[in-house]
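Worksheet: one structure, shown below.
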Protein chains: 2
Amino acid sequence: MYIRSMYSKELLKGTLTAIILKLLAEHEKMYGYEISQHVKELTGGKIHLKDGSLYPALQKMTADGLLSYKEEYIGKRVRKYYFLTKKGQKEKVAYLEELKDFIGTLNKIVFPQLKSI
Amino acid sequence: MYIRSMYSKELLKGTLTAIILKLLAEHEKMYGYEISQHVKELTGGKIHLKDGSLYPALQKMTADGLLSYKEEYIGKRVRKYYFLTKKGQKEKVAYLEELKDFIGTLNKIVFPQLKSI
DNA sequence: GAATATACATAGAATTATGATGTATCAAAA
DNA sequence: TTTTGATACATCATAATTCTATGTATATTC
């Protein structure tokens, strides 16, 4: 059994990379399971990153040079601690700016009665 | 040649239906080209709905029972004026609530220094 | 008359989160 | 002690949606 996010999966698209970049910018290093727990807590369970989304995303971001990782063993169990590369630190800014601007733009269309953020 | 939106196409995913529902809730009836122009103006050119996105979306929403349309002729050129069905009016509320909540949640993760909206 | 804007359409490609499934360790409860 | 649930990673096929590219045709403006 798995827990379903309260949002349609399409809404998440394009935001996962920004979320990961943001968390890693704040935490120095995190492992996958820790990231998913953190997001779940931060959002009151509203966003639940699935294994099938998170681990491939981390791998892709690593392949793209945004992240690197080192393995640590807790007993016999391996953890991959991910951290931002120089490139990841730089691109984080652009990703978050784009997302921020996009949210502002969406608000303008959908909730014009609200002040822009 | 075509105009590229300033956002990665993935960011738009899941928002197009909500945007269309919102505009049609405000305008009674609109045709496709009019919707795309309206969005372009509203967002200062930041969101440019492509033909290949907009027309299939309108068709899908019609198939899903959210929209209906009637054709009008301007000279020899046809326009399809779309409008919300009863179902579309009802589901609009849920779509926009979900989007609003999602934006609020995203803000909590990515811009925790800002007040929630 | 040529270029641009209006107005619709479809098909294939690309992207990305998901669902399903698998492996394995560890802690706690029954 | 066995079994349940949590921890921790992984891969693959599928689904969903937008985009790119292309096509057709009319209307307007230069």
Worksheet, complete the sentence: The answer to which of B:V78 and A:T15 contacts DNA chain C further toward the 5' end, by nearest nucleotide, is B:V78
Worksheet item: Quick one: A:M30 CE to D:dC9 C1', roughly how many Å, whole number?
Response: 16 Å
Practice prompt. Check every atom of D:dC19, D:dA8, C:dT15 against the side chain of A:K13 and return the nucleotide holding the closest atom.
Written response: C:dT15
Response to the item:
Taken to the nearest whole Å, OH/A:Y7 to P/D:dT17 is 18 Å
Worksheet item: If an axis is fit to five pairs at each end of the helix from C:dG1-D:dC30 to C:dA30-D:dT1, what is the angle between the two, to the nearest 10°?
Response: 20°
Discussion item. Under a 3.5 Å distance rule, please check whether A:T85 uses its side chain to pair with a backbone N or O of A:L66 as donor and acceptor.
Written reply: yes
Worksheet item: Using a cut-off of 4.0 Å on non-hydrogen atoms, how would the nucleic acid contact of B:G52 be classed: base, sugar-phosphate, or nothing?
Response: base
Worksheet, complete the sentence: Heavy-atom closest pair (B:I47 atom, B:T43 atom, distance to 0.1 Å) is N-OG1, 3.0 Å
Item to complete: Say whether, by atom type as modelled, one donor and one acceptor occur between the side chain of A:K100 and the main chain of B:V110 under 3.5 angstrom.
Response: no
Response to the item:
Result for 5'-nearest mapping on DNA chain D, choosing between A:G32 and A:E10, is A:G32
Discussion item. Please find the pair of heavy atoms, one from A:T105 and one from B:K46, that lie closest to each other, and give the distance.
Written reply: OG1-CD, 3.7 Å
Fill in: B:K29 to B:E34 - nearest heavy-atom pair and separation
O-OE1, 4.2 Å
Practice prompt. Using atom CG of B:L16 as one end and atom P of C:dT15 as the other, report the distance to the nearest whole Å.
Written response: 20 Å
Discussion item. With a 4.5 Å cut-off on side-chain heavy-atom distances among I, L, V, M, F, W and Y, is there a chain of contacts connecting B:F83 to B:M30?
Written reply: no
Item to complete: Sugar-phosphate means primed atoms, P, OP1 and OP2; the rest is base. With that split, encode nucleotides 25-30 of chain D 5' to 3' as B, S or - using protein heavy atoms under 4.0 Å.
Response: -BS---
Worksheet item: Would you say A:K87's side chain and A:D64's backbone share a donor-acceptor pair under 3.5 angstrom?
Response: yes
Discussion item. Can you measure B:I19 atom CD1 to D:dT18 atom C1' for me and round it to whole angstrom units?
Written reply: 12 Å
Worksheet item: Counting only non-hydrogen atoms, which of residues 53-61 of chain A are less than 4.0 Å from DNA chain D?
Response: A:Y55, A:P56, A:Q59
Discussion item. Between C1' on C:dC8 and OH on B:Y73, what's the gap in Å once rounded to a whole number?
Written reply: 11 Å
Fill in: B:Y73: hydrophobic cluster co-members (side-chain, 4.5 Å)
B:V78
Discussion item. Just the rounded figure in Å: distance from P of D:dT17 to CG of B:L99.
Written reply: 14 Å
Discussion item. Once you measure the plane-to-plane angle for B:Y82 and B:Y69, does it fall in the parallel (<30°), tilted (30-60°) or perpendicular (>60°) bin?
Written reply: tilted
Item to complete: Give a yes or no answer on whether the side chain of B:D101 reaches the backbone of B:E97 with a donor-acceptor pair at less than 3.5 Å.
Response: no
Discussion item. What is the separation between atom NE2 on B:H48 and atom P on C:dA5, rounded to the nearest whole Å?
Written reply: 11 Å
Worksheet, complete the sentence: Taking every heavy atom of B:G32 against every heavy atom of B:L54, the minimum-distance pair comes out as O-CD2, 3.1 Å
Item to complete: Select one nucleotide: of D:dA15, C:dA7, D:dC19, the one nearest the side-chain heavy atoms of B:K50.
Response: D:dC19
Discussion item. How long is the straight-line distance from CD of B:E91 back to CD of B:E98, given to the nearest 0.5 Å?
Written reply: 11.0 Å
Discussion item. Less than 4.5 Å apart, side chain to side chain, heavy atoms only: is that true for B:K60 and B:T17?
Written reply: no
Worksheet entry | N or O in side chain of B:Y33 less than 4.0 angstrom from C:dA5 OP1/OP2 | no
Worksheet item: Under 4.0 Å: is that the gap between some side-chain N or O of B:K80 and OP1 or OP2 of C:dA9?
Response: yes
Worksheet entry | Euclidean distance, atom CD of residue A:E34 to atom P of D:dA6 [Å, nearest integer] | 18 Å
Which atom pairs link the protein and nucleotides 1-5 of chain D when you take only N or O atoms and keep those under 3.5 Å?
none

Worksheet item: Counting distance only, does the side-chain N/O of B:K50 pair as donor-acceptor with the main-chain N or O of B:H48 below 3.5 Å?
Response: yes
Worksheet item: Picking from D:dA10, D:dA6, D:dA16, which would you name as closest to the side chain of A:D51?
Response: D:dA10
Response to the item:
Residue pairs passing the ring-ring contact (aromatic ring centres under 6.0 Å, His included) test with at least one member in residues 16-45 of chain B, sequence neighbours excluded, are B:H27-B:H38, B:Y31-B:Y81
